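Here the structure comes first, spelled out in structure tokens, and everything after it is commentary.
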Amino acid sequence: MSENRARKKAEEMINWNLVFPNQANPSGNMFGGDVLAIMDTTAAMAAKRFSEREVSTVTVEAVHFAKPIMVGDNIKTTAKVVAVGNTSMIVKADVYRDIGNNKLMRCVSAYLNFVAFDYQRHPTQVPLLDLEDDDIIANKIALTIKANAQQRQDAINQLLKANEG
Ligand SMILES: CC(C)(COP(=O)(O)OP(=O)(O)OC[C@H]1O[C@@H](n2cnc3c(N)ncnc32)[C@H](O)[C@@H]1OP(=O)(O)O)[C@@H](O)C(=O)NCCC(=O)NCCS
């Protein structure tokens, strides 16, 4: 029953890393897979803290490697729950490089879709989100992304099923 659902604000998780040479791709920039691992971990922490449950990534949406990250960079990763469904949460994650003079440049962004689990690893209801004004646009984007992702999955399932028959 929705009236029994707790309502809470989401907390932004912040994570700093130094980019080492073993994280470089052949072009000498930070390898995208390593960036995604940091985003996924930080986002999982945000989802876990919000839901107070174990969580799993279900999909990673709208990944945009907008600017390269260089070896030796200090990078800041932020992650915050910006939308919730019944058992799912959408976390916006961003990675910035420190470009000096107290300035950050956003390099990578994504929306990650998580599901919360009960003790038997069944999807379980998450709290309602008390949305902050700064997150209203991200919330709208996240809900659009979630609807598109679900629609895409339904279409894939239908095609696979038709192929089986
Ligand atoms: C997460 C998992 C239990 C979901 O299973 P499922 O049968 O799809 O579960 P449900 O149908 O109950 O869906 C649960 C929620 O996930 C959402 N969801 C599931 N697949 C989705 C997709 N492809 N896109 C968007 N949302 C999706 C559903 O909309 C639902 O959200 P809601 O309750 O807020 O409406 C299952 O996919 C799983 O275990 N995946 C592996 C996760 C993992 O190991 N991740 C680590 C990364 S390698």
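As the structure is a computational prediction, the values presented were derived from the model and not from experiment. Because only heavy atoms are used, hydrogens play no part in the values below, and waters and symmetry mates are left out as well, while side chains stay in. One-based numbering, in listed order, for ligands and for the atoms of each.
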Any Met89 heavy atom less than 4.0 Å to ligand 1: no

Going through the distances and angles, do Phe50 and Leu129 end up as a side chain to side chain contact (heavy atoms under 4.5 Å, CB included)? CA-CA 9 Å; Phe50 178 78; Leu129 177 63; 3.7 Å; yes

Ranking Ile90, Thr87, Asp154 by closest non-hydrogen atom to atom 33 (O) of ligand 1, top hit is Thr87

Please test Arg106 against Val95 for side chain to side chain contact (heavy atoms under 4.5 Å, CB included), starting from the C-alpha separation and ending with a verdict. CA-CA 6 Å; Arg106 184 161 61 196; Val95 184; over 6 Å; no

Closest to atom 19 (C) of ligand 1 by heavy-atom distance, out of Val60, Val58, Asn86, Ile145, is Val58

Would you tell me which option among Ile156, Thr59, Thr57 has the nearest heavy-atom contact to atom 47 (C) of ligand 1? Thr57

Minimal heavy-atom distance between Ile38 and Thr42, with the atoms involved, is O-OG1, 2.7 Å

Counting heavy atoms under 4.0 Å, the part of Arg152 that contacts ligand 1 is neither

Please list the nearest protein heavy atom to atom 23 (N) of ligand 1 with its residue and the distance rounded to 0.1 Å. Gln153 OE1, 3.2 Å

For the student: nearest non-hydrogen atoms of Ile69 and Cys107, plus distance: CG1-CB, 3.7 Å

Tell me: protein heavy atom nearest atom 26 (N) of ligand 1, and distance? Asn113 ND2, 2.9 Å

Looking at atom 39 (O) of ligand 1, would you say a protein heavy atom lies below 4.0 Å from it? yes

Between Arg49 and Glu12 (salt bridge meaning N to carboxylate O under 4.0 Å), is one present in this structure? no

Write out the residue and atom name of the closest protein heavy atom to atom 34 (O) of ligand 1, then the distance separating them to 0.1 Å. Ser88 OG, 2.6 Å

Just do the side-chain hydrogen bond (donor to acceptor under 3.5 Å, both in side chains) check on Gln153 and Asn157 with the steps written out, would you? CA-CA 6 Å; Gln153 191 61 51; Asn157 291 346; 3.2 Å; yes

Applying a strict under-4.5 Å side-chain criterion to I, L, V, M, F, W and Y, I'd like to know whether Leu104 and Val108 cluster together. no

Numbered atoms and elements of ligand 1 in range of Gly85, under 4.0 angstrom, heavy atoms: 34 (O)

Protein contact of atom 5 (O) of ligand 1 - nearest heavy atom, named by residue and atom, plus distance: Pro123 CG, 4.9 Å

With side chain to side chain contact (heavy atoms under 4.5 Å, CB included) as the test, would you mind laying out the steps for Leu112 and Asp40 before giving the verdict? CA-CA 7 Å; Leu112 297 91; Asp40 192 23; 3.7 Å; yes

Can you tell me if Lys8 has over 12 outside heavy atoms packed within less than 6.0 Å of its NZ? yes

Atom 10 (P) of ligand 1: protein heavy atom closer than 4.0 Å? no

Protein contact to atom 3 (C) of ligand 1 [nearest heavy atom, distance to 0.1 Å]: Phe117 CE2, 3.6 Å

Short version for Val84: what comes under 4.0 Å of ligand 1, heavy atoms counted, is neither

Would a 4.0 Å cut-off, counted as strictly less than, catch a protein heavy atom around atom 15 (C) of ligand 1? yes

In plain terms, say whether Lys80 and Glu132 are close enough for a salt bridge, that is, a side-chain N and a carboxylate O under 4.0 Å apart. yes

